[in-house]
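A note on names: the letters A, B, ... follow the listed sequences, proteins ahead of strands, and every chain is numbered from 1. Since we're looking at a predicted model, the values are computed, not measured.
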Protein chains: 2
Amino acid sequence: MNVTIKDVAKRAGVSPSTVSRVLSNHPRISRETSQKVRDIMEEMGYHPNMMAKSLVSKTTETICVILPKPAEELFLNLFFMELIRGIVTQANRSGYDVLISSGGSEKEEVEAVSRLLNGRRVDGAILLYSRQDDAVVDYLKANEYPFVLIGRSEKYPDLLSVDTDNVQAAYDATKHLITFGHERIGFVSGPPNLMVSQDRLKGYGQALADAGLTMRKEWIVEGEFLQESGYRAMSFFMNLPERPTALVIVDDIVAFGVLRGLNELGYKVPQDVSIISFNNISLSELSNPPLSSVDIGIYNLGYTASQALIQSIRNPNEKGRPSRYIIPHRLMIRESSMHSAPK
Amino acid sequence: MNVTIKDVAKRAGVSPSTVSRVLSNHPRISRETSQKVRDIMEEMGYHPNMMAKSLVSKTTETICVILPKPAEELFLNLFFMELIRGIVTQANRSGYDVLISSGGSEKEEVEAVSRLLNGRRVDGAILLYSRQDDAVVDYLKANEYPFVLIGRSEKYPDLLSVDTDNVQAAYDATKHLITFGHERIGFVSGPPNLMVSQDRLKGYGQALADAGLTMRKEWIVEGEFLQESGYRAMSFFMNLPERPTALVIVDDIVAFGVLRGLNELGYKVPQDVSIISFNNISLSELSNPPLSSVDIGIYNLGYTASQALIQSIRNPNEKGRPSRYIIPHRLMIRESSMHSAPK
DNA sequence: CGATTGGAGTCAAACGTTTGCACAATATTA
DNA sequence: TAATATTGTGCAAACGTTTGACTCCAATCG
């Protein structure tokens, strides 16, 4: 029922192979034949069957994006949207489609990845997170499938990956607060098994150390990338006998939770407590007061990841390409941290 | 190099067809054989090649999501993330994969859709918007491809679609403001060619009419689903000789823009101006003041759309199923509209 | 007891491409 | 002018499945 390459061939009075070669711009096809075939394809409404093509070429021109555990939960953060936006845009530009896959448990994730890659449904994968130790990474690496990590792997340091210099970024953010005279600076972290949490904590610690300030356990709180975590962290800090006057927060959404809590308790930001967070999602500047945030170029992270992956698919073992791309970050200082430390 | 059905067959001492039938739980395979084959598949690490399967079965178990014009722009709204979250979750549960495709111009969209459907890369599509007159819809309908609309089509009223009762929702929101004594109520709309803009405007008008209030042209402003639009609309309203005391705003993001503007000009919300908007994205309650918003169950819209699409793919012309699903909405009244009209 | 039924598998064609090899015709070279 | 290269095309085998038709064998039936 559907127009195939053979139908076109018949009508054009050539062989199917010729039609196929026209399609792939084979050099040994004459201008004339090529044009004739193209006209007929147009006329008959021919569209190549990608499945047949993939079957023989062993390539699907599709990549997949593996979302952190339950798409249902973590998807709430604008962060992923922005990442996906970058990935899809770049992939489409390179002629690739993007498949979204959300895992459940880590085991299910491995199964999904295995199904997609082994089943030749996609050519490669992008992982949108970096856990300290990850079965999916192990699997992909063991099977030598092309993939790129957004973040980094502790276990395999030279995996293809796109990342922020999170240590430096946290250093900069903390330093900024120190410059405003803060000496009691708290840190609201994410899940401790994520590399990003670890790296940012490290940068925070270094900045304190360089300023001769001591890092205090009770000023560090771990949580999820959710508002509630911020809210809880805030309550904890504010009940301390000695309260921080400024906070570095791993994620904007978490910072929103902190902000909400401070508002409720009647603390003024930035007069009583200064705040700076990470990611600079588009809503950061909308909060009240506008949120200082480290812009890490999320879109760019996604865009670059897609580019790196597709390169590595097209050219599996080309040497001389970096395996780690660091996207520059930038402090966006807004009202939430524009105030010197209270006495 | 990769394990195929033939390899398994050989090792198991059966024919490839038997292996295939084991895979699809064909009734005429004995328990015994089935178990033996399964064991061998496991042992050899067999994974079915989806491309080969799709080629013959003419089905891909994949659906695609068509994003409104440039993924680059409109993706900024959490709304889409939430929709996609619902779609992906449901699709995965039904054993389907999801392909994301972002269009450029309307013409490019048609091309993308044509490439995906005609190229047998996907089995159906979900359109995340409803324009008044849409070439993509025309195309899909003309070619009888399975698809579902999030929203509605004016041209073809009984297309498979999932929607909010936007007229009613806007009616309810406006009514709510009227109840608080407002008589000068403005409306900030979206692009006029979107059905959602039209429907909400209509509901707004009806509520005014039912309350004996007149709808005034200068109190209606159109824009995009972007903050800037809200900001601009706000400036416009506030420069009017007779200013509205309350606003109905088509989208939360737009409302954020309005809020920012009002803050800057020193107007108090809700004391000077009350505000209610639509969609209730997760950040609505975080703004200052928290935003009243009509919750339209975005996740549910996506979830239902995916479900409806997959049903219609699996069972093309089953009768007796609704073609239009209406997801219930609910007013989430928060501080931004909890104040009676100023004198 | 010959004929029928049913169960468990096998055979081979099909799905729509790509691609290495072969071949004829023409062009280039020595 | 013969030998060689180049250009344009066709042939047929692959790619890894699914599936309708067929076979074989044992059990059941009239």
Side-chain angles (χ1 to χ4, degrees), chain A residues 1-38 40-41 44-62 95 114-123, chain B residues 1-38 40-41 44-62 95 114-123:
Chain A
M1 66 210 104
N2 233 284
V3 184
T4 79
I5 223 173
K6 291 183 189 170
D7 303 326
V8 174
K10 192 168 293 172
R11 181 87 85 95
V14 299
S15 77
S17 13
T18 300
V19 178
S20 171
R21 291 194 234 264
V22 167
L23 237 34
S24 56
N25 291 312
H26 191 101
R28 300 234 292 244
I29 295 290
S30 68
R31 276 241 154 284
E32 207 182 0
T33 312
S34 171
Q35 200 42 249
K36 183 176 57 183
V37 170
R38 276 177 209 287
I40 298 203
M41 291 193 316
M44 300 179 76
Y46 169 77
H47 291 273
N49 180 315
M50 299 318 265
M51 296 303 131
K53 175 175 174 151
S54 290
L55 180 55
V56 23
S57 72
K58 295 186 180 314
T59 184
T60 61
E61 249 106 78
T62 306
S114 152
R115 185 178 59 83
L116 292 172
L117 272 315
N118 286 312
R120 299 278 176 268
R121 210 193 208 20
V122 303
D123 297 341
Chain B
M1 66 217 94
N2 231 285
V3 184
T4 79
I5 223 173
K6 290 183 190 171
D7 302 326
V8 175
K10 191 167 295 172
R11 180 88 85 99
V14 298
S15 76
S17 10
T18 300
V19 177
S20 171
R21 290 195 229 266
V22 166
L23 237 34
S24 56
N25 290 312
H26 191 102
R28 294 233 295 251
I29 296 291
S30 67
R31 275 240 155 285
E32 206 184 358
T33 313
S34 173
Q35 199 41 249
K36 182 175 59 183
V37 171
R38 276 177 210 288
I40 297 203
M41 290 193 317
M44 299 180 75
Y46 169 76
H47 292 272
N49 182 316
M50 299 320 265
M51 296 302 131
K53 176 176 174 151
S54 292
L55 180 56
V56 23
S57 73
K58 294 185 181 315
T59 184
T60 61
E61 250 106 77
T62 305
S114 152
R115 185 178 58 82
L116 292 171
L117 272 317
N118 285 312
R120 299 277 177 271
R121 210 195 208 21
V122 303
D123 296 340

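Residues satisfying the salt bridge (charged side-chain N to carboxylate O under 4.0 Å, His left out) criterion with A/R38, sequence neighbours excluded, are absent altogether. Under the rule for a side-chain contact (heavy atoms from CB on, under 4.5 Å), the partners of A/S114 that lie at least two apart in sequence or sit in another chain are A/N118, A/Y139, B/H47.
Across the helix from C/dC1-D/dG30 to C/dA30-D/dT1, the helix axis at one end is tilted relative to the axis at the other end by 40° (nearest 10 degrees, each axis from five pairs).
Side-chain atoms of A/V122 and A/L117, non-hydrogen and from C-beta on, do get closer than 4.5 Å to each other.
For B/S30, a side-chain nitrogen or oxygen approaches OP1 or OP2 of C/dG9 to under 4.0 Å. Using a 4.0 Å cut-off, no side-chain N or O of A/T4 falls inside it from OP1 or OP2 of C/dG16.
Along DNA chain D, the nucleotide nearest A/R31 and the nucleotide nearest A/S17 are compared for position; the residue whose nucleotide lies closer to the 5' end is A/R31.
In this model, a donor atom of one side chain and an acceptor atom of the other lie less than 3.5 Å apart for B/S15 and B/T18.
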Collect all protein-nucleotide pairs involving nucleotides 25-27 of chain C in which both atoms are nitrogen or oxygen and the distance is under 3.5 Å.
none

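Protein atom NZ of A/K6 is 13 Å distant from nucleotide atom P of D/dC11, rounded to whole Å. Rounded to whole Å, the distance from CG on A/D7 to C1' on C/dC15 is 13 Å. Atom CG of B/L55 and atom C1' of D/dT18 are 10 Å apart (whole Å). The separation between A/K58 atom NZ and D/dC15 atom P is 7 Å, rounded to whole Å. Counting to the nearest Å, the P atom of D/dT18 and the CD atom of B/E61 are 11 Å from each other. A/K53 has its NZ atom 6 Å from the P atom of C/dT18, to the nearest Å. Counting to the nearest Å, the C1' atom of D/dC15 and the CE atom of A/M50 are 16 Å from each other. In this structure, A/N2 places its CG atom 12 Å from P of C/dC15, rounding to the nearest Å.
Proximity of a side-chain donor or acceptor of B/S54 to a complementary backbone N or O of B/M50 within less than 3.5 Å is detected. Although no hydrogens or angles enter the test, the distance criterion places a donor-acceptor pair under 3.5 Å between the side chain of A/R121 and the main chain of B/T60.
Only B/T18, B/R21, B/R28, listed by number, bring a heavy atom of residues 18-28 of chain B to less than 4.0 angstrom from any atom of DNA chain C.
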Taking it one step at a time, do A/T4 and A/D7 satisfy side-chain contact (heavy atoms from CB on, under 4.5 Å)? CA-CA 5 Å; A/T4 79; A/D7 303 326; 3.6 Å; yes

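Of all nucleotides listed (C/dT17, C/dT10, D/dT17), C/dT10 comes nearest to the side chain of B/V14. Taking the side chain of B/V56 as heavy atoms from C-beta on, and the options D/dC11, C/dG16, D/dT17, the nearest nucleotide is D/dT17.
Residue pairs meeting the salt bridge (Lys or Arg N to Asp or Glu O under 4.0 Å) criterion with at least one partner in residues 11-24 of chain A, sequence neighbours excluded, are A/R11-A/E43.
Rounding to the nearest 0.5 Å places CG of A/N49 at 8.0 Å from CG of A/N2. Put simply, NZ on B/K36 and CD1 on B/I40 are 7.0 Å apart, with the number rounded to the nearest 0.5 Å. Remark: B/K53 NZ to A/L55 CG distance equals 14.0 Å, nearest 0.5 Å. To the nearest 0.5 Å, atom CZ of residue B/R28 and atom OG1 of residue B/T33 are 13.0 Å apart.
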